[in-house]
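Just below is one structure, and these are the notes that go with it.
Each ligand, and each atom within it, is numbered from 1 in the order the structure gives.
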Amino acid sequence: MKTSQLFRHSRLRLAFWYALVMGVILSLSGFGMYRSLVQSNWKAMESEMESIAGTLHDSLEPMLPASEEPTNVLKRILPELCLVGQPCNLNPSLIERHTTGISDRNTYYIRLFNHQGQLLAFSPNQPTNLSQTLNSDPWQTFTSQRTRYHQFTIILHSADTDYLAHQQGLNPSWGYLQLGRTLKPFDAEVKRIQAILIIGFPLVLGFVVVSSWWLSRLAMQPIYQSYQQQQQFTANAAHELRSPLASLLATIEAILRRQPSQPQDLTKMLHTLERQGRRLSNLITDLLLLTSLEAQSYSKRFQSCCLNDLVSDLIEEFSELATIADIDLIEQIPDEPIYVLGDESQLYRLVSNLIANAVQYTSSGGQVVVSLTTKERTALIRIKDTGIGITTEEQSRIFERFYRVDSDRARKNGGTGLGLAIAQAIAYHHQGHLTVKSQLGTGSLFTIYLPCTVRTSEPS
Ligand code: ATP
Ligand code: MG
């Protein structure tokens, strides 16, 4: 599979899974919200019915007759109700009287039963086809003429009845009050919520699909970039390895073809072979070092290293090279020792790469100053030169592997363009960092920041 195809395929899979997971989460939360909304509406409706039934019960109870034949008394105390077997007044207002403050009072109806469960009276707006006998379940839901109704039944007591019941051992209740209502507004509200969900869900899902496609691109971008960098690195490494190898092979061929009578040529050629071999070996060592630095975040080999000793050793090491190049190499090291936790050989490599660059890219008569200071809990090693300098655009690229500002010139000097990449990797590996400030033609200042283990004050 081609790289671009592979990445497109991975992006597609990522977007698909993201959309799927988001879709499932949204569906579950949408369904949960729908259920809780419906349930809370239902509960509110039931508690309203309970409170109306309670009010009616309290108002009716003192007026209830004790008689076994209460029809005439009921007609007197509840004139708006229709009595079973008698002509009906079709203008109900009883509930309105007892439920002042409740919004839609015409939606309710009431029915009164005696204690044997026989219907005595009812509101004229009750649903048709209702049974004349009592179903004593407290809550009932039923459908009449394609409209749903909900009904609540409570027991009615009368003071006289209590007395009589106790006297005669009869049922202590007077009868039953049934309060019912149409579920039309409730069902309309449920339908409205369903409509919102049916229209809203595909819209949200579409948005999730689009955003997951966009997010998957964001997620894939760094992987793609790093993949491209790896590819570039492999190509660069192959290119860098090819030149010394080609020259090595050419030298071997020349040795094989040479006249046995010229021994001095052989020595020269073997020297060339050694030089090329060493260059190859150094390059491979550098590549391996870079890989190992990136792979591990912290090394067990870390130990306390004195930066004062490290810098002065390196100054001594480079002083001969600086003298040959006619460069003034100056060291500024404080008396108090500054310690950092690290791998000594790597720290040597870090500082020596920067001093080597400073000496290499400074023309004769110039100056290189290496100073060591501390600021708060950080050790600062500054390598300042008066060399050729680096333009602002180049400054952002010099830390890339194999990057050289002037490739031809650097290659002639034996540089591979890995020096600063290694230096930066070592600084990161020691929880530090490396910065550059430079001006073309004026000079450069490289600063290494490393966390110190011993706190010391900055020299004045
Ligand atoms: P290597 O260090 O691997 O032998 P190199 O010196 O060319 O090769 P780096 O040390 O990574 O590679 O430096 C990258 C580039 O940055 C160099 O080619 C050089 O152009 C520029 N550079 C680095 N240090 C300085 C400096 N002190 N002054 C001016 N240019 C510099
Ligand atoms: Mg270098």
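Contacts of Thr362 with ligand 1, taken as heavy-atom pairs under 4.0 Å, are absent altogether. For Val405, heavy-atom contacts with ligand 1 shorter than 4.0 Å involve the backbone as well as the side chain.
Annotation for ligand 1: atoms under 4.0 Å from non-hydrogen atoms of Arg404 are 7 (O), 18 (O). Those atoms of ligand 1 that come under 4.0 Å of a heavy atom in Ile388, given as number and element, are 29 (C).
Residue contacts with ligand 1: Gly417 is placed with a nitrogen or oxygen under 3.5 Å of a nitrogen or oxygen of the ligand (distance criterion only). Polar contact with ligand 1: absent for Ala421 (N/O pair, distance under 3.5 Å). Among the atoms of Asn357, some N or O lies under 3.5 angstrom from an N or O of ligand 1. Residue Leu420 has at least one nitrogen or oxygen atom sitting less than 3.5 Å from a nitrogen or oxygen atom of ligand 1, judged on distance alone. Considering backbone and side-chain atoms together, Thr416 places an N or O closer than 3.5 Å to an N or O of ligand 1.
Residues Tyr348 and Asp309 approach most closely at OH-O, 4.5 Å, considering heavy atoms. Residues Ser444 and Ser438 share a closest heavy-atom pair of OG-OG, 2.9 Å.
Taking the centre and axis of the six-membered ring of Phe233, the NZ or CZ atom of Arg401 falls inside the cone set by 45° and 6.0 Å.
With Ile448 as the partner, the side chain to side chain contact (heavy atoms under 4.5 Å, CB included) test is satisfied by one option alone out of Ile383, Leu372, Leu380: Ile383.
Below 30°, between 30° and 60°, or above 60°: for His430 and Phe302 the angle between ring planes is below 30°, a parallel geometry. Under the 30°/60° scheme for interplanar angles, the aromatic rings of His150 and Trp139 are found to lie parallel. The aromatic rings of Tyr149 and Tyr109 sit perpendicular, their planes meeting at an angle over 60°, well past the 30° parallel limit.
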Working for side chain to side chain contact (heavy atoms under 4.5 Å, CB included), residues Ile390 and Tyr361: CA-CA 10 Å; Ile390 310 157; Tyr361 300 109; over 6 Å; no

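Inside a sphere of radius 2.8 Å centred on the Mg ion (ligand 2), the protein N/O/S atoms present are Asn357 OD1.
Ionic pairing of Arg349 and Asp286 is present here: one or more N-O contacts between side-chain nitrogen and carboxylate oxygen are shorter than 4.0 angstrom. In summary, Glu331 and Lys384 do not engage in a salt bridge, as defined by a charged side-chain N under 4.0 Å from a carboxylate O. Using a cut-off of 4.0 Å between Lys/Arg side-chain N and Asp/Glu carboxylate O, Glu189 and Arg192 are scored as salt-bridged.
Nearest to atom 14 (C) of ligand 1 by heavy atom, out of Tyr403, Phe402, Phe399, Tyr361, is Tyr403.
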